[in-house]
Amino acid sequence: MDQQEIKQEIRRLLDERNAIMLAHNYQRDEIQEVADITGDSLGLARAGADTDKDVIIFCGVHFMAESSAILSPEKKVILPRLDAGCPMADMVTAEGLREMKKKHSKAMVVTYVNSSAAVKAESDICCTSANAIKVASSVEADELILVPDRNLGRWIEAHTDKTCHHWTGWCPTHDRLKTEELAQARKDNPDAVVMAHPECRPDILEMADEILSTSGMIDFAGKSSASRFIVATEMGLLYRLRKENPGKEFILPSRSLICPNMKLTSLEDVLVSLQTLEPQVTVDPDTAAKAKSALDRMLAIPRD
Ligand code: 13P
Ligand code: SF4
């Protein structure tokens with residue numbers, strides 16, 4: 001089968017299986033093209049929870065499919081590539097977090113969704129890059145434990161007067177963007193607006209005009225009167241930015257902004273997962289119930 005035939009067969013099977021295909025903004029172009037909904041972590045978590053389909057084909061990384069499985073236990077959640085993980089999510093364990101909670105017993109735990117179900121189960125509330133500051137402000141405590149991204153944590157800390165304790169995890173893709181690379185991109189494109197993802201290092205965020213989640217960047221670029229943008233996040237986002245803004249120009253400041261895990265899923269993998277309804281992502285009911293309350297608290301925060 002050629003690519004076009006595979007895409008048609010995917011669409012046919014989605015119908016037959018009463019399934020929805022969700023794709024993160026960093027997925028390969030052809031995956032985004034065929035998906036029902038493309039979005040950021042928050043948008044996809046909401047889409048998975050809101051759908052009335054029986055099956056969710058989740059094209060993203062493991063923690064995202066796991067969140068969907070927690071929010072929709074009655075649905076079958078399929079991750080076409082079970083090996084698509086998130087190295088940052090793997091940098092914190094439930095046991096490590098329990099130790100940190102013992103040291104800061106008055107603090108409430110705000111956990112980035114880029115984390116395992118077991119870690120979410122030890123947390124008071126989850127956040128994504130789209131709502132992190134709002135979530136942190138909504139928490140009743142004066143002290144916060146921020147897990148696992150130190151960069152997102154520092155950004156939250158700069159926008160709150162709460163005492164913050166940080167876990168030292170990071171995203172290998174965003175963390176390797178260097179200030180020299182961004183400075184060069186700015187020098188080459190002095191008229192461009194710099195949008196950066198909060199997973200970038202603090203010195204990069206200081207150089208940015210706008211700090212946004214992936215879907216936040218899409219909204220901002222669409223509404224902005226500017227016509228050129230430097231995009232400090234994973235390269236997959238350029239597909240939608242370019243498609244939705246044909247008259248505007250988007251520049252990647254570094255060729256290293258690629259998340260290998262987000263690029264694992266191919267059209268063939270999606271096809272096989274629809275034929276077999278495997279591999280399914282499940283979470284044990286005890287862990288899921290605890291993790292769900294942290295996710296539900298986040299989702300209860302009103303949208304802007
Ligand atoms: P968003 O929630 O902004 O889509 O980010 C998820 C992610 O994994 C970023 O690296
Ligand atoms: Fe994880 Fe970074 Fe890849 Fe996002 S871009 S999935 S945080 S490794």
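For ligands, and for the atoms within them, numbers begin at 1 and follow the listed sequence. These numbers were taken from a predicted model, which means no experiment stands behind them.
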Review point. Which bit of H24 is near ligand 1, meaning a heavy atom under 4.0 Å away: side chain, backbone, both or neither?
Key: side chain
Check your understanding: For ligand 1, is any non-hydrogen atom under 4.0 Å from L42's backbone (N, CA, C, O), its side chain (CB onward), both, or neither?
Key -> neither
Check your understanding: For E143, which of K162, K106, H165 qualifies under side-chain hydrogen bond (donor to acceptor under 3.5 Å, both in side chains)?
Key -> H165
**Study point:** Heavy atom of S129, distance to ligand 1 below 4.0 Å
**Key:** yes
Exercise for review: Return yes when at least one N/O/S atom of C86 is nearer than 2.8 Å to atom 2 (Fe) of ligand 2, and no when none is.
Suggested key: no
Around [X], counting heavy atoms of other residues, nucleotides and ligands shown, do more than 12 lie under 6.0 Å from its [atom1]?
| X | atom1 | answer |
| --- | --- | --- |
| E244 | CD | yes |
| D142 | CG | no |
| M235 | CE | no |
| D161 | CG | no |

From [X] [atom1] over to [Y] [atom2], what is the distance, rounded to the nearest 0.5 angstrom?
| X | Y | atom1 | atom2 | answer |
| --- | --- | --- | --- | --- |
| L274 | D269 | CG | CG | 11.5 Å |
| E234 | C171 | CD | SG | 8.5 Å |
| N151 | S129 | CG | OG | 12.5 Å |

Review point. So which of C259, C171, P172 gets nearest to atom 2 (Fe) of ligand 2, if we judge by its closest heavy atom?
Key: C171
When you compare ligand 1 with [X], is there at least one nitrogen or oxygen pair between them that comes in under 3.5 angstrom?
| X | answer |
| --- | --- |
| H197 | yes |
| T214 | yes |
| S41 | yes |

Considering the heavy atoms of [X], write down every atom of ligand 1 situated less than 4.0 Å from one of them.
| X | result |
| --- | --- |
| D40 | 1 (P), 2 (O), 4 (O) |
| H174 | 10 (O) |
| S213 | 3 (O) |
| N114 | 7 (C), 8 (O) |

Exercise for review: Report the nearest protein non-hydrogen atom to atom 10 (O) of ligand 1: residue, atom name, distance rounded to 0.1 Å.
Suggested key: E199 OE1, 2.8 Å
Exercise for review: Determine whether the side chain, the backbone, both or neither of E199 has a heavy atom under 4.0 Å from any heavy atom of ligand 2.
Suggested key: side chain
**Study point:** F229 and F250 aromatic ring geometry - parallel, tilted or perpendicular at 30°/60° bounds
**Key:** parallel
Point to revise | Distance filter under 4.0 Å to P87 heavy atoms, resulting ligand 2 atoms | key: 8 (S)
Point to revise | Close-contact set for ligand 2 against N114 heavy atoms, below 4.0 Å | key: 7 (S)
Point to revise | Joint cluster assignment, L42 & I218, ILVMFWY side-chain distance < 4.5 Å | key: no
Point to revise | Close approach of M88 to ligand 2, heavy atoms, under 4.0 angstrom | key: yes
Exercise for review: Would you mind checking if D15 and K53 are paired as a salt bridge, meaning a charged N to carboxylate O distance below 4.0 Å?
Suggested key: no
